Amino acid sequence: MADDDNRGYGRATQSEVYRAGLSGTRPAVPVDVVALERAARKAVSAEAFAYLAGGAGAEATMAANRAAFGRWQIWPRVLRDVSSRDLSIELLGRRRATPFVLSPIGVAEMAHPDADVAVGRAAAALDVPYVLSNQASRPMEEVAAAMGSRSRWFQLYWSSSDDLNASFVARAERAGCEAIVVTLDTHLLGWRTRDLDAAYLPFTRGQGIAQYTSDPVFAELVRERVARGGGSGPRPKVTPTLLASAFAIARSGAHTRLVDGGVREALRSPLPRAAVETFLDVFSDPSLTWDSLAKLREYTSLPVLLKGIMHADDAARALDHGVDGLVVSNHGGRQIDASVATLDALPGVVERVGGRVPVILDSGVRGGADAFTALALGATAVGIGRPYAFGLAIAGSDGVREVVRNHIAELDLTMGLAGHRSVAEIGPDSLRAA
């Protein structure tokens with residue numbers, strides 16, 4: 001999007017919306033975050049919305065993430081020349097157009113059939129780095145092709161299979177990913193009450209495992225399982241839901257390394273169902289320790305970021321192990337109920353890191369003003385999560401683009417109205433405690 005009269009991204013976005021309004025065209029997705037979530041709820045199934053929007057336990061951590069932003073107020077300064085504003089930052093050795101990153105969101109097919117590809121297209125159009133999910137609905141190679149030369153990183157859930165971890169990382173390198181983001185807070189699945197009430201876990205239905213079913217190492221693990229006679233696990237009661245799940249699993253297998261011959265052959269094959277059982281076996285490794293990180297350096301020379309750092313002592317230890325960046329994140333409140341809010345954890349991590357590596361704030365961000373607050377408290381960049389998933393549910397790639405565009409535009413206007421010309425000028429003096 002070109003700046004409008006050189007007045008900045010925010011003004012250009014406003015003009016785009018208001019000019020379209022003259023012809024009776026409204027935005028594809030609501031700008032207001034509450035209305036955005038409400039519209040997403042209407043766009044998807046109850047099970048899908050519960051998975052996309054829900055958190056752990058009583059969802060106190062989700063509430064804490066939002067409440068933490070309410071404890072800070074932006075403190076505007078006036079009569080400063082803010083006619084020209086620069087949103088760019090330096091991150092992992094490259095100049096980035098904005099301080100935003102699209103955080104990884106799994107099982108995107110629950111929101112829209114185009115899934116991760118739609119997100120990748122939107123990220124590419126806005127030049128915002130996209131962290132490809134380990135639990136994607138489309139293989140990383142397909143998303144990379146849709147993004148062209150635009151920036152992408154890969155999220156790694158550390159599997160119990162070293163060979164599979166190495167294969168994922170090698171594929172990410174070949175797909176042009178610029179960094180590996182190791183998610184540390186999902187070595188066990190959180191107590192997610194909405195999903196439990198619905199008795200719904202998408203992975204058991206063949207959803208969100210495209211990185212696995214497209215992987216040669218994983219395919220061999222599946223074949224070995226079937227050869228041992230472990231093809232399907234306990235036989236469940238046949239219901240319409242089970243049949244729909246079986247078809248989804250078969251369809252997944254028909255377009256991967258598992259089964260040749262299309263969906264019909266996949267429905268007959270034990271491999272797709274065995275793939276789900278194999279995934280459940282290898283998905284995570286709760287025995288992971290700091291010493292395990294050395295293996296990653298054997299797999300890749302790409303920058304490595306650790307996602308899920310919430311304590312300053314862990315940040316210091318991460319530096320001791322030579323990581324290239326940290327993501328302060330509590331998984332959007334989906335893993336531990338009553339956990340520390342990410343914004344509350346951020347200053348301690350930033351202080352301990354002392355500028356030696358970038359620190360990205362993830363979880364709880366709902367707009368550009370939130371991003372301003374996080375940047376003022378020391379974040380190098382800010383991750384957008386649920387809001388773009390809601391946009392995807394409502395309007396596919398266009399919905400993602402508008403949600404992310406709105407974050408950028410609000411940050412630009414907030415920065416200018418607060419009296420700052422660049423992200424570098426935003427700091428602790430830009431805020432006061434509420």
Side-chain angles (χ1 to χ4, degrees), residues 55-56 61-62 65 91-92 99-106 116 119 123 128-136 140 151-159 165 168-169 172 177-190 208 211 283-286 288-290 292-293 295-297 299-300 302-319 321-336 339-346 348-350 352-353 356-365 374 378-386 388-389:
T61 303
M62 290 176 60
N65 283 341
L91 180 61
L92 297 184
F100 288 107
V101 173
L102 296 196
S103 299
I105 292 206
D116 314 84
V119 179
V128 174
Y130 175 28
V131 186
L132 309 185
S133 174
N134 197 108
Q135 300 311 127
M140 65 182 85
S151 294
R152 49 196 173 266
W153 307 348
F154 178 68
Q155 173 208 33
L156 178 68
Y157 280 157
W158 201 290
S159 167
N165 294 326
F168 277 168
V169 171
C177 292
E178 299 171 359
I180 304 298
V181 181
V182 185
T183 294
L184 302 175
D185 56 13
T186 319
H187 49 284
L188 298 169
L189 192 63
Q211 307 293 23
F283 162 66
S284 63
D285 183 2
L288 194 67
T289 67
W290 288 101
S292 305
L293 295 176
K295 295 180 182 178
L296 197 54
R297 292 302 186 189
Y299 302 156
T300 184
L302 290 176
V304 172
L305 293 83
L306 300 185
K307 181 174 182 285
I309 297 296
M310 292 289 291
H311 197 289
D313 289 350
D314 285 341
R317 196 159 187 184
L319 293 180
H321 282 78
V323 303
D324 302 289
L326 304 176
V327 183
V328 176
S329 171
N330 56 29
H331 216 90
R334 292 173 59 76
Q335 283 299 94
I336 302 176
S339 178
V340 175
T342 53
L343 195 71
D344 290 339
L346 176 65
V349 171
V350 168
R352 189 68 64 90
V353 166
R356 283 171 285 181
V357 298
V359 177
I360 299 172
L361 186 282
D362 169 274
S363 303
V365 174
T380 309
V382 178
I384 305 172
R386 278 190 180 92
Y388 87 70

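The chain is numbered in sequence order, starting from 1. The shown structure was predicted, so the numbers you read here are calculated from the model rather than taken from an experiment.
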Minimal non-hydrogen separation, G348 against A312, with atom names: O-CB, 3.6 Å
Among L305, N165, V169, side chain to side chain contact (heavy atoms under 4.5 Å, CB included) partner for I180: V169
Could you tell me if the side chain of Y388 sits less than 4.5 Å from the side chain of V119, heavy atoms only? yes
T186 and Q335: side-chain contact (heavy atoms from CB on, under 4.5 Å), yes or no, with the steps? CA-CA 7 Å; T186 319; Q335 283 299 94; 3.8 Å; yes
Of all heavy-atom pairs linking A379 and V350, the shortest is N-CG2, 4.4 Å
Between CH2 of W153 and CD of E178, what distance do you get to the nearest 0.5 Å? 7.5 Å
Would you mind reporting whether W158 and H187 have side-chain heavy atoms less than 4.5 Å apart? no
Any non-hydrogen side-chain atom of L92 less than 4.5 Å from a side-chain atom of P358? yes
Taking it one step at a time, do R297 and D324 satisfy salt bridge (Lys or Arg N to Asp or Glu O under 4.0 Å)? CA-CA 12 Å; R297 292 302 186 189; D324 302 289; 3.0 Å; yes
Using 0.5 Å steps for rounding, measure from the CZ atom of F168 to the CD atom of Q211. 6.5 Å
Identify the two heavy atoms, one from G385 and one from S103, that lie closest to each other, and give their separation to 0.1 Å. CA-CB, 4.4 Å
Any heavy-atom pair between the side chains of L91 and V101 that's under 4.5 Å? yes
When you measure from the side chain of S133 to the backbone N and O of P104, does any donor-acceptor pair fall under 3.5 Å? no
Qualifying residue, where the test is side chain to side chain contact (heavy atoms under 4.5 Å, CB included) with L156 and the options are T183, L296, T300: L296
Please report the interatomic distance CG(D285) to OG(S292), rounded to the nearest 0.5 Å. 7.0 Å
Would you give the length of the straight line joining atom OH of Y130 to atom SG of C177, rounded to the nearest 0.5 angstrom? 10.5 Å
What heavy-atom pair brings A318 and L326 nearest, and what distance separates the two atoms? CB-CD2, 3.7 Å
Check step by step if side-chain contact (heavy atoms from CB on, under 4.5 Å) holds for N65 and N330. CA-CA 9 Å; N65 283 341; N330 56 29; 2.9 Å; yes
Okay, side chain of S339, backbone of I336: is any donor-acceptor separation there less than 3.5 Å? no
Is the side chain of T380 donor-acceptor paired with the backbone N or O of V359 at a distance under 3.5 Å, no angle test? yes
K307 pairs by side chain to side chain contact (heavy atoms under 4.5 Å, CB included) with which of I360, V327, V328, L184? V327
Closest heavy-atom pair and its distance - D116, I105: OD2-O, 4.2 Å
Step-by-step side-chain contact (heavy atoms from CB on, under 4.5 Å) determination, D314 to W290: CA-CA 10 Å; D314 285 341; W290 288 101; 3.8 Å; yes
Nearest-0.5 Å distance, CG of residue L306 to CG of residue D185: 11.0 Å
L132 versus Q155: any side-chain heavy-atom pair under 4.5 Å? no
If you look at every heavy atom in G332 and S363, which pair is closest and at what distance? N-OG, 2.9 Å
Should the pair H331 and Y157 be assigned to parallel (<30°), tilted (30 to 60°) or perpendicular (>60°) ring geometry? parallel
Salt bridge between D313 and R352, side-chain N to carboxylate O under 4.0 Å? yes
